[in-house]
Amino acid sequence: MDILKVKISLAFFAIVFTGLCVRAEVCESSKEFITTIEYLRNQKAFTLPDSEIFKVAMSISENCNGSSRRFQKMLNTLVATGVDHNHALKFSLQYSKEDNESVDVFLSLFQGLVLEKKFNLPFYEAFETAKFFAENTRGNKYELKKDFLGFLDFCFDDPNGTMLPLDQCRKLSFKYLDLQKNFPNGVFKEFKTLFTFLRDQKETGLPIAGALSLTQEVLLSGPGAQKNFIDSYKYGLHSLNMKPSQALSLSLKMAENTKKIKK
């Protein structure tokens with residue numbers, strides 16, 4: 001009897017769970033279709049014929065929940081920055097198929113590159129850069145967004161930052177954004193910690209460019225490499241009485257060993 005009750009309970013749970021899953025996966029196509037039509041009809045920046053609006057709304061409805069919101073966010077931003085509405089429409093339709101993270105990453109990068117004008121990039125280069133990172137990033141896209149904004153601030157607004165010329169700052173940011181794929185929790189924090197440490201160690205005689213280059217070399221070994229580097233440098237210099245050059249060599253070796261942990 002008890003076994004029968006257990007079986008009934010499990011069967012009931014399975015039915016309820018299945019029902020919840022089915023409801024969660026329902027595509028609210030009508031909602032996306034209607035929302036898109038109303039949005040395009042009220043668009044002030046440009047007008048589309050009803051036949052084109054209908055066609056766009058049909059495409060959006062196929063991409064299911066959240067697609068109209070993604071479409072609108074992309075279109076509003078692109079049109080506001082002067083993108084031809086035909087190209088903006090095409091690209092926004094494409095991104096309505098992506099997840100929310102991809103859209104947010106693209107817009108964060110694009111707005112930082114174009115709207116804020118901090119990097120002074122030509123439009124096409126800014127567009128392609130944002131598109132590349134949004135579509136090719138693996139892992140946590142929100143961390144990419146945070147890293148990007150972190151580098152922007154560190155280059156331009158942080159009094160303890162790099163204070164590099166525009167072109168060098170731009171190249172630096174792109175280089176580390178590409179490296180970010182190896183850092184699930186983001187690369188900027190580790191970059192800032194190590195770069196600041198190296199810059200403050202006057203005994204090494206490293207110029208800013210040298211500190212940046214060494215920081216990149218260390219971070220190639222992945223998360224935790226900067227901590228191994230700093231800990232061994234301090235120990236070598238103060239406990240082993242090494243010269244700065246010797247302490248740096250020791251630290252690089254310890255950083256390289258970071259990636260050797262056996263899974």
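What you see is a predicted model; the values in this text were computed from it and never measured. Any value given below was found using the heavy atoms of this structure, including those in side chains, with hydrogens, waters and symmetry copies removed. The first residue of the sequence shown is numbered 1, and numbering continues consecutively from there.
- Using a 4.5 Å heavy-atom threshold, the side chains of Asp50 and Lys55 count as separate.
- Between the Thr81 side chain and the Thr77 main chain, a donor and an acceptor come within less than 3.5 Å of each other.
- Remark: side-chain polar atoms of Ser96 are paired, donor with acceptor, to backbone N or O of Leu93 under 3.5 angstrom.
- Annotation: Lys73, atom NZ; neighbour count of heavy atoms from other residues, nucleotides and ligands within 6.0 Å is above 12.
- Residues Leu198 and Thr215 are in side-chain contact: their nearest non-hydrogen atoms beyond the backbone lie under 4.5 Å apart.
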Begin from the C-alpha positions of Phe132 and Phe127 and carry the test ring pair (Phe, Tyr, Trp, His ring centres under 6.0 Å) through to its verdict. CA-CA 9 Å; Phe132 172 81; Phe127 185 89; over 10 Å; no
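- No chain of hydrophobic side-chain contacts below 4.5 Å, direct or via other Ile, Leu, Val, Met, Phe, Trp or Tyr residues, connects Phe110 to Val79.
- Proximity of Asn185 to Pro223: side-chain heavy atoms (C-beta onward) are nowhere separated by under 4.5 Å.
- Residue Leu219 is grouped with residue Ile208 when hydrophobic side chains (ILVMFWY) are merged at heavy-atom distances under 4.5 angstrom, including chains of intermediate members.
- Hydrophobic clustering of Ile, Leu, Val, Met, Phe, Trp and Tyr side chains at less than 4.5 Å, counting indirect connections, unites Phe54 with Leu40.
- Between Phe71 and Phe91, the distance separating the two ring centers is not shorter than 6.0 angstrom.
- Using a distance-only test at 3.5 Å, with no hydrogens or angles considered, no donor-acceptor pair links the side chain of Thr196 to the main chain of Thr193.
- Using a distance-only test at 3.5 Å, with no hydrogens or angles considered, no donor-acceptor pair links the side chain of Asn63 to the main chain of Gln94.
- Residues Leu237 and Gln246 form no side-chain contact, since every pair of their non-hydrogen atoms from C-beta on lies 4.5 Å or further apart.
- Remark: the Asn228 side chain and the Tyr233 side chain contain no N/O donor-acceptor pair separated by less than 3.5 Å.
- Here the side chain of Asn65 pairs a donor or acceptor atom with the backbone of Glu28 at under 3.5 angstrom.
- Taken to the nearest 0.5 Å, the CG atom of Asp147 stands 12.5 Å off from the NZ atom of Lys192.
- With hydrogens and angles ignored, the 3.5 Å screen pairs a side-chain donor or acceptor of Ser251 with a backbone N or O of Phe229.
- Going from atom CD1 of Ile53 over to atom CE of Met58 covers 14.5 Å, rounded to the nearest 0.5 Å.
- Between Cys27 and Ser61, the shortest heavy-atom distance links the atoms SG-O, 4.0 Å.
- Note that CE of Met242 is 9.0 Å distant from OG of Ser232, once rounded to the nearest 0.5 Å.
- Between Tyr95 and Phe106, the angle of the ring planes lies from 30° to 60°, which puts this pair in the tilted group.
- At a cut-off of 3.5 Å, with distance as the only test, no side-chain donor of Ser221 or Thr258 sits close to an acceptor on the other residue.
- For the pair Thr129/Glu125, a side-chain contact is recorded, criterion being any heavy-atom separation below 4.5 Å from C-beta on.
- Taken to the nearest 0.5 Å, the CD1 atom of Ile230 stands 8.5 Å off from the CD atom of Gln201.
- For the pair Met74 and Val103, the minimum side-chain heavy-atom distance is below 4.5 Å.
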Given Gln72 and Ser68, is the side chain to side chain donor-acceptor pair (under 3.5 Å) satisfied, shown in steps? CA-CA 6 Å; Gln72 292 179 43; Ser68 185; 3.0 Å; yes
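- Separating the CD atom in Glu38 from the CZ atom in Phe33 is a distance of 10.0 Å, to the nearest 0.5 Å.
- With hydrogens and angles ignored, the 3.5 Å screen pairs a side-chain donor or acceptor of Arg70 with a backbone N or O of Glu98.
- For the salt bridge (charged side-chain N to carboxylate O under 4.0 Å, His left out) condition, no pair includes a residue of residues 234-249, sequence neighbours left out.
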Derivation and outcome, side-chain contact (heavy atoms from CB on, under 4.5 Å), residues Glu190 and Leu194: CA-CA 6 Å; Glu190 298 213 26; Leu194 182 54; over 6 Å; no
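- In this structure, Glu32 contributes its side chain and Gly66 its backbone to a donor-acceptor pair below 3.5 Å.
- Each of Phe197 and Val187 belongs to its own hydrophobic cluster when Ile, Leu, Val, Met, Phe, Trp and Tyr are linked at side-chain heavy-atom distances under 4.5 angstrom.
- Cluster annotation: Leu252 and Leu220 are assigned to distinct hydrophobic clusters (Ile/Leu/Val/Met/Phe/Trp/Tyr, side-chain heavy-atom contacts under 4.5 Å, transitive).
- Note that NZ of Lys97 and OG of Ser67 are 11.0 Å apart. Values are rounded to the nearest 0.5 Å.
- Ring-plane geometry between Phe191 and Phe188 is classed as tilted, the angle between the planes lying from 30 to 60 degrees on a 0 to 90 degree scale.
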Evaluate the criterion side-chain contact (heavy atoms from CB on, under 4.5 Å) for residue pair Leu248 and Ser245; output intermediate values, then yes/no. CA-CA 5 Å; Leu248 284 176; Ser245 58; 5.6 Å; no
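- Counting heavy atoms from C-beta on, the side chains of Tyr39 and Leu75 come closer than 4.5 Å.
- Residues Leu48 and Leu89 are in side-chain contact: their nearest non-hydrogen atoms beyond the backbone lie under 4.5 Å apart.
- Across every non-hydrogen atom of Val105 and Ala134, the tightest pair is CG1-CA, 3.8 Å.
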